[in-house]
K.L.:
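Below is one structure. I have some questions about it.
Atoms considered below: every heavy atom in the structure, side chains included; atoms not considered: hydrogens, waters and symmetry mates.
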Amino acid sequence: MAELAFFSGTMDCGKSTLALQIQHNRSARGLSGMIFTRNDRAGEGRLSSRLGLVTDAVEADEAFDFHVHLVKHLTAGGRVDYVIADEAQFLSPEQVDQLGRVVDDLGIDVFAFGITTDFRTRLFPGSQRLIELADRVEVLQVEALCWCGARATHNARTVGGRMVVEGAQVVVGDVGDPAGARGEVGYEVLCRRHHRRRLTAATAGAGALSPEVLPVDSARGAG
């Protein structure tokens with residue numbers, strides 16, 4: 001039976017790396033997959049890992065319909081044995097429902113990867129719908145670490161190295177200045193205690209922030 005599986009976690013926990021590993025393992029066995037992503041750090045139509053691995057992908061914007069796209073591909077004589085959807089937190093609930101239809105109607109396995117909660121500790125709509133709908137939800141076991149060395153469980157948005165808790169759910173982050181020295185937006189993973197206290201690596205004097213950011217469509221602008 002085909003299934004919809006959701007692999008979740010914080011930033012820095014290896015979601016995209018696992019997505020690429022699944023793609024490698026299945027393609028090595030002669031299976032044909034289709035990879036989708038949105039707002040990857042490597043640019044449009046790319047799925048990349050912070051380890052340096054990268055592959056081509058279909059950019060799934062807000063108007064994209066997964067079920068329609070796959071039906072057209074299959075009708076034209078194409079083959080799809082599995083689907084990988086990275087950055088799934090950015091999907092709409094309706095697009096997650098489309099992935100469910102791909103599993104149920106077309107019998108294709110779907111592996112979705114995404115961050116569960118935003119910088120305010122609120123569920124992303126796409127992640128929430130995946131938790132509600134998926135046949136299997138797995139929290140990745142590669143633990144991201146807070147600056148204090150504890151397991152990081154929360155994503156923090158920073159400006160000038162200081163944590164902020166207001167603004168749009170998705171906003172442009174700066175990878176060239178991860179410490180926010182120029183007052184730009186960055187992201188950092190924290191344990192719950194330090195997220196609650198709004199104590200980042202910079203404000204604690206514990207060294208540089210994580211360079212990981214949530215990449216977004218620049219058309220949305222900063223919040």
Side-chain angles (χ1 to χ4, degrees), residues 2-24 26 33-50 53-70 80-106 108-142 144 153-155 168-171 173 187 189 212-217 220:
E3 68 169 357
L4 172 59
F6 179 40
F7 299 88
S8 67
T10 63
M11 297 179 293
D12 293 337
C13 74
K15 296 179 299 300
S16 296
T17 301
L18 178 58
L20 289 165
Q21 184 67 54
I22 287 176
Q23 187 271 338
H24 171 76
R26 279 162 174 71
M34 190 169 287
I35 302 174
F36 302 94
T37 190
R38 180 184 295 179
N39 302 324
D40 189 274
R41 66 179 70 82
E44 184 173 334
R46 305 286 277 173
L47 188 161
S48 65
S49 163
R50 292 190 63 222
L53 304 173
V54 63
T55 191
D56 292 332
V58 177
E59 187 74 14
D61 62 18
E62 291 86 348
F64 190 83
D65 189 311
F66 290 94
H67 188 266
V68 169
H69 183 86
L70 285 158
V80 181
D81 298 305
Y82 64 93
V83 164
I84 290 174
D86 198 29
E87 305 293 355
Q89 71 272 8
F90 295 132
L91 301 180
S92 68
E94 292 75 20
Q95 287 174 316
V96 174
D97 287 343
Q98 293 162 14
L99 291 176
R101 289 190 62 198
V102 168
V103 174
D104 297 339
D105 297 351
L106 306 180
I108 297 173
D109 286 316
V110 174
F111 305 99
F113 301 82
I115 296 168
T116 311
T117 58
D118 64 14
F119 71 104
R120 301 165 300 184
T121 70
R122 305 287 176 81
L123 286 168
F124 281 99
S127 298
Q128 178 177 336
R129 188 59 179 149
L130 278 162
I131 291 170
E132 295 167 346
L133 204 64
D135 300 297
R136 176 163 56 102
V137 178
E138 294 193 14
V139 177
L140 296 190
Q141 298 303 307
V142 178
T153 54
H154 293 69
N155 305 303
Q169 186 173 53
V170 180
V171 71
Y187 287 89
V189 289
E212 179 76 357
V213 301
L214 293 176
V216 300
D217 185 343
R220 298 185 184 182

K.L.:
Apply the side-chain hydrogen bond (donor to acceptor under 3.5 Å, both in side chains) test between Arg38 and each candidate in Glu59, Gln95, Glu87, Glu62; give the one that qualifies.
P.N.:
Gln95
K.L.:
Could you pull out the closest heavy-atom pair between Thr117 and Asn155, with the gap in Å?
P.N.:
O-ND2, 2.9 Å
K.L.:
Indicate the atoms forming the closest heavy-atom contact of Ile115 with Gln89, along with that distance.
P.N.:
N-OE1, 3.0 Å
K.L.:
Can you check whether Ile131 reaches Thr116 side chain to side chain, under 4.5 Å on heavy atoms?
P.N.:
yes
K.L.:
Taking all non-hydrogen atoms of both residues, which atom of Val96 and which atom of Leu133 are closest, and how far apart?
P.N.:
O-CD2, 3.8 Å
K.L.:
I need the minimum non-hydrogen distance between Asp135 and Ala2, along with the two atoms involved.
P.N.:
OD2-O, 4.4 Å
K.L.:
Listed by chain and number, what are the ring-ring contact (aromatic ring centres under 6.0 Å, His included) partners of His69, not counting sequence neighbours?
P.N.:
Phe36, Phe64
K.L.:
Does the side chain of Leu106 come within less than 4.5 Å of Val80's, by heavy atoms?
P.N.:
no
K.L.:
Is there a side-chain contact between Arg26 and Asp81 in this structure, where contact means two heavy atoms from C-beta onward sitting under 4.5 Å apart?
P.N.:
no
K.L.:
Salt bridge between Asp105 and Arg101, side-chain N to carboxylate O under 4.0 Å?
P.N.:
yes
K.L.:
Which pair of heavy atoms, one from Ile84 and one from Phe113, lies closest together, and at what distance?
P.N.:
CG2-CE1, 4.0 Å
K.L.:
Quick check: closest heavy atoms across Asp109 and Glu3, and the distance to 0.1 Å?
P.N.:
OD1-N, 2.9 Å
